[in-house]
Amino acid sequence: MRAIILFAHGARDPEWARPFHRIQALIRTRLPDTPIELAFLEMMKPNLLTAVEAVIAQGATAITVVPLFMAQGGHLREDVPRLLDQIRLSHPTVAVSMTSPIGEVEAILQQIAEWVVLGHNS
């Protein structure tokens, strides 16, 4: 079974995570039989390892990590690959992959630009 982990940076203010929980809820509605977890790199829970353990406990044999980051900075180039390597070593029978950060997806950038052009900046 495939699972998806939405992965965000994290912040001290719990309200900061509200849009990410909304994205998680929207995906769960579209994929009700797929485990969808939200994880954070720092300051918030669960962390990536805890989210991985949760979806494996639900029967996941393949996990796609989706970074909800606008750009690929040091965390995504260095820290996250090390975390994923540790997870792969701990769970060799589970296929773990990571997509590009959402800020590098052309369709998403086009939608943001369209929203701005149409004057939805209030």
Side-chain angles (χ1 to χ4, degrees):
M1 170 191 350
R2 178 178 75 115
I4 298 171
I5 297 178
L6 304 171
F7 188 55
H9 188 276
R12 287 180 182 85
D13 181 357
E15 289 299 308
W16 174 89
R18 185 179 292 185
F20 304 108
H21 287 286
R22 178 76 176 124
I23 292 168
Q24 179 185 24
L26 290 167
I27 295 169
R28 279 184 172 156
T29 334
R30 302 274 310 270
L31 300 172
D33 298 328
T34 302
I36 311 292
E37 294 294 328
L38 177 58
F40 301 96
L41 180 62
E42 54 190 27
M43 294 184 253
M44 301 182 98
K45 293 182 181 180
N47 63 24
L48 185 57
L49 180 57
T50 302
V52 165
E53 297 290 342
V55 296
I56 289 173
Q58 296 174 58
T61 55
I63 300 169
T64 302
V65 177
V66 179
L68 301 178
F69 289 65
M70 286 305 292
Q72 186 161 305
H75 287 310
L76 289 181
R77 279 194 311 270
E78 298 166 20
D79 302 332
V80 177
R82 279 194 295 266
L83 285 170
L84 294 178
D85 286 344
Q86 292 171 356
I87 289 165
R88 288 180 186 113
L89 283 173
S90 300
H91 302 284
T93 60
V94 177
V96 180
S97 62
M98 183 172 74
T99 68
S100 299
I102 61 167
E104 293 181 5
V105 176
E106 185 62 27
I108 292 172
L109 297 176
Q110 291 289 336
Q111 286 296 310
I112 292 169
E114 184 69 13
W115 184 82
V116 172
V117 167
L118 291 175
H120 295 94
N121 55 4
S122 54

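Start at 1 with the first residue, then count along the sequence.
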Query raised in the report: What residues form a ring-ring contact (aromatic ring centres under 6.0 Å, His included) with F20, not counting sequence neighbours?
Result: W16

Requested in this report: Just grab all the salt bridge (Lys or Arg N to Asp or Glu O under 4.0 Å) pairs involving residues 28-50, residues at least two apart or on different chains.
Outcome: R28-E37

**Report entry** Sequence-distant partners of R77, salt bridge (Lys or Arg N to Asp or Glu O under 4.0 Å), two or more places apart
**Finding:** none

**Report entry** Cluster overlap L26 with I4, hydrophobic side-chain contacts below 4.5 Å
**Finding:** no

Report summary line: Value for CZ (F7) from CZ (F69), rounded to nearest 0.5 Å, stands at 5.5 Å

Requested in this report: Could you state whether M44 and L41 fall into the same hydrophobic cluster, counting links through intermediate Ile, Leu, Val, Met, Phe, Trp or Tyr residues with side-chain heavy atoms under 4.5 angstrom apart?
Outcome: no

Requested in this report: I would like to know whether Q110 and E106 meet side-chain hydrogen bond (donor to acceptor under 3.5 Å, both in side chains); could you show each step before the answer?
Outcome: CA-CA 6 Å; Q110 291 289 336; E106 185 62 27; 2.6 Å; yes

Query - Pairwise distance CG(L68) to CG(L38) - rounded to 0.5 angstrom - result: 7.0 Å

Requested in this report: Check the pair H9, M43 against side chain to side chain contact (heavy atoms under 4.5 Å, CB included), reporting the backbone distance first and the verdict last.
Outcome: CA-CA 8 Å; H9 188 276; M43 294 184 253; 4.2 Å; yes

Report summary line: Exactly one of V55, L84, I87 clears side-chain contact (heavy atoms from CB on, under 4.5 Å) with I63, and that residue is V55

**Report entry** Member of T99, I102, V80, L6 meeting the side-chain contact (heavy atoms from CB on, under 4.5 Å) criterion with P67
**Finding:** T99

**Report entry** For L89, side chain to side chain contact (heavy atoms under 4.5 Å, CB included) partners two or more places apart
**Finding:** none

Query raised in the report: Salt bridge or not for R82 and D79, using N-O below 4.0 Å?
Result: yes

Report summary line: Between P46 and A51 the two heavy atoms that sit nearest each other are CB-N, 4.4 Å

Requested in this report: Return each pair, listed once, that meets salt bridge (Lys or Arg N to Asp or Glu O under 4.0 Å) where at least one residue sits in residues 17-26; pairs must be two or more places apart or across chains.
Outcome: E15-R18

**Report entry** Set of side chain to side chain contact (heavy atoms under 4.5 Å, CB included) partners for M1, sequence neighbours left out
**Finding:** P35

